[in-house]
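Single-structure report; data block below.
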Amino acid sequence: MTADQHLINNYHFCPQCKTALVKDSSCLFCPNCHLKIYHNPALAVAVIAFNQQGEVLLNKRKISPHRDYWDTVGGFVNVGETVEQAVEREFLEETQAHCKIVRYWGSAPDVYGPEQSATINLFFEVKITSGQLQASDDAAELAFFSLDRLPKKIAFANTKVFLNLLKNEKGKK
Ligand SMILES: [Zn+2]
């Protein structure tokens, strides 16, 4: 089931006035109070850094969904925050290290959690500017992996897309 179908199939009543919602082309619409619920994806950042051996930093997830699977550092962009701030904040939260963005790699749509909520994930490469890497917050463990020997248990479809982008580009050199 796509995220859009999930929203349309499972949201029946207006959260403001409890009137039955009407399906519009781009949203669910309340004919009474005119509330619109759009199908926009949640914005998330996926952040990697390379070590001097060209290995990529991944973190093992401490929380559901996909607990104990390997993932990129990252998370959702907060309301009022820039994407750049989200990259630095998530990296600091999960690794205890400061970073700066060196490259934007691209993006991939995905879904998150049991609700299959739509996300759009922006891929960033960063350089570590200060601090010692130490797993914290949502990260249970941090490790560098060769792109040729990545772990089998990768958390999300978008993580695989990002790792494939990295592999393809590194393979060209
Ligand atoms: Zn309403």
Side-chain angles (χ1 to χ4, degrees), residues 2-4 6 38-173:
T2 68
D4 282 4
H6 185 275
Y38 288 96
H39 305 158
N40 294 329
L43 183 60
V45 293
V47 187
I48 61 97
F50 288 109
N51 65 8
Q52 291 193 332
Q53 289 75 47
E55 296 168 327
V56 66
L57 178 67
L58 296 178
N59 88 68
K60 192 187 260 187
R61 290 175 63 81
K62 196 192 277 181
I63 57 164
S64 288
H66 297 302
R67 185 165 172 256
D68 289 335
Y69 279 61
W70 291 90
D71 188 14
T72 46
V73 169
F76 291 102
V77 177
N78 289 337
V79 172
E81 188 177 50
T82 66
V83 169
E84 294 85 347
Q85 286 167 340
V87 167
E88 290 176 17
R89 175 185 53 75
E90 286 287 348
F91 199 81
L92 183 61
E93 281 175 7
E94 294 182 6
T95 72
Q96 297 291 297
H98 294 271
C99 73
K100 87 169 193 226
I101 295 171
V102 293
R103 181 166 170 184
Y104 170 64
W105 277 83
S107 65
D110 203 352
V111 292
Y112 186 86
E115 304 81 14
Q116 298 282 284
S117 302
T119 63
I120 178 75
N121 303 266
L122 308 185
F123 304 148
F124 290 94
E125 177 183 343
V126 299
K127 185 172 150 47
I128 296 164
T129 53
S130 67
Q132 286 290 322
L133 290 177
Q134 191 190 335
S136 59
D137 196 43
D138 300 347
E141 187 184 336
L142 296 168
F144 285 94
F145 292 91
S146 161
L147 289 168
D148 300 326
R149 287 190 296 278
L150 291 168
K152 292 247 182 323
K153 289 167 77 175
I154 299 289
F156 299 102
N158 80 83
T159 318
K160 290 175 192 164
V161 173
F162 191 6
L163 291 170
N164 279 332
L165 275 176
L166 296 169
K167 259 163 112 170
N168 289 342
E169 167 123 347
K170 297 286 166 186
K172 274 188 229 152
K173 282 177 186 166

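- With Phe162 as the aromatic partner, Lys167 does not meet the cation-pi criteria of under 6.0 angstrom to the ring centre and within 45 degrees of the ring axis.
- For Phe156, the ring pair (Phe, Tyr, Trp, His ring centres under 6.0 Å) criterion is met by His66, Tyr112, not counting sequence neighbours.
- From Phe124, atom CZ reaches atom CD of Glu88 across 10.5 Å, with rounding to the nearest 0.5 Å.
- In this structure the side chain of Lys127 never reaches within 4.5 angstrom of the side chain of Cys99, judged on heavy atoms.
- Side-chain atoms of Leu122 and Trp105, non-hydrogen and from C-beta on, never get closer than 4.5 Å to each other.
- Formation of a donor-acceptor pair under 3.5 Å by the Ser64 side chain with backbone atoms of Arg67 is not found in this model.
- Shown here are the side chain to side chain donor-acceptor pair (under 3.5 Å) partners of Gln96, two or more places apart in sequence or in another chain: Ser136.
- Heavy atoms from other residues, nucleotides or ligands lying under 6.0 Å from CD of Gln132 number 12 at most.
- A salt bridge does not link Arg149 with Glu55: none of the charged nitrogens is closer than 4.0 Å to a carboxylate oxygen.
- Considering every non-hydrogen atom in both Phe91 and Ala49, the closest pair reads CZ-CB, 4.4 Å.
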Query - Criterion side-chain contact (heavy atoms from CB on, under 4.5 Å) on Leu58 and Leu142, from CA distance to verdict - result: CA-CA 6 Å; Leu58 296 178; Leu142 296 168; over 6 Å; no

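- Other residues, nucleotides and ligands contribute only 12 or fewer heavy atoms inside 6.0 Å of the OH atom of Tyr69.
- Within 6.0 Å of NZ on Lys153 lie more than 12 heavy atoms contributed by other residues, nucleotides or ligands.
- Glu141 has a carboxylate O that lies under 4.0 Å from a charged side-chain N of Lys60, or vice versa, which qualifies the two as a salt bridge.
- The closest donor-acceptor contact from the side chain of Glu81 to the backbone of Asn78 lies under 3.5 Å.
- With a 4.5 Å cut-off on side-chain heavy atoms, Ile128 and His98 do not count as touching.
- Within a 6.0 Å radius of CZ in Arg103, other residues, nucleotides and ligands contribute more than 12 heavy atoms.
- Between Ile48 and Leu57 the shortest side-chain heavy-atom distance does not fall below 4.5 Å.
- A salt bridge between Arg61 and Asp71 is present, with a side-chain N of the basic residue lying under 4.0 Å from a carboxylate O of the acidic one.
- For Asn121 (side chain) and Asn158 (main-chain N/O), no donor-acceptor pair under 3.5 Å exists by modelled atom type.
- Counting only distance, with no hydrogens or angles, the side chain of Glu94 and the backbone of Gly74 share a donor-acceptor pair below 3.5 Å.
- Side-chain atoms of Asn59 come within 3.5 Å of backbone atoms of Thr72 as a donor-acceptor pair (strictly under, hydrogens ignored).
- Distance alone, capped at 3.5 Å, is enough to place a donor-acceptor pair between the Lys62 side chain and the Asp137 backbone.
- Contact record, Val111 with Thr119: N-OG1, 3.9 Å, taken as the closest heavy-atom pair.
- Nearest heavy atoms, Ala97 versus Leu133: CB-CD2, 3.9 Å.
- Counting only heavy atoms from C-beta outward, the side chains of Phe144 and Phe50 never approach each other to under 4.5 Å.
- Listed here is the closest heavy atom pair of Trp70 and Ala143: CH2-CB, 3.8 Å.
- Glu169 contributes no side-chain N or O that, together with a main-chain N or O of Leu166, makes up a donor-acceptor pair within less than 3.5 Å.
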Query raised in the report: Is there a side-chain contact (heavy atoms from CB on, under 4.5 Å) between Val77 and Thr82 once you walk through the steps?
Result: CA-CA 8 Å; Val77 177; Thr82 66; over 6 Å; no

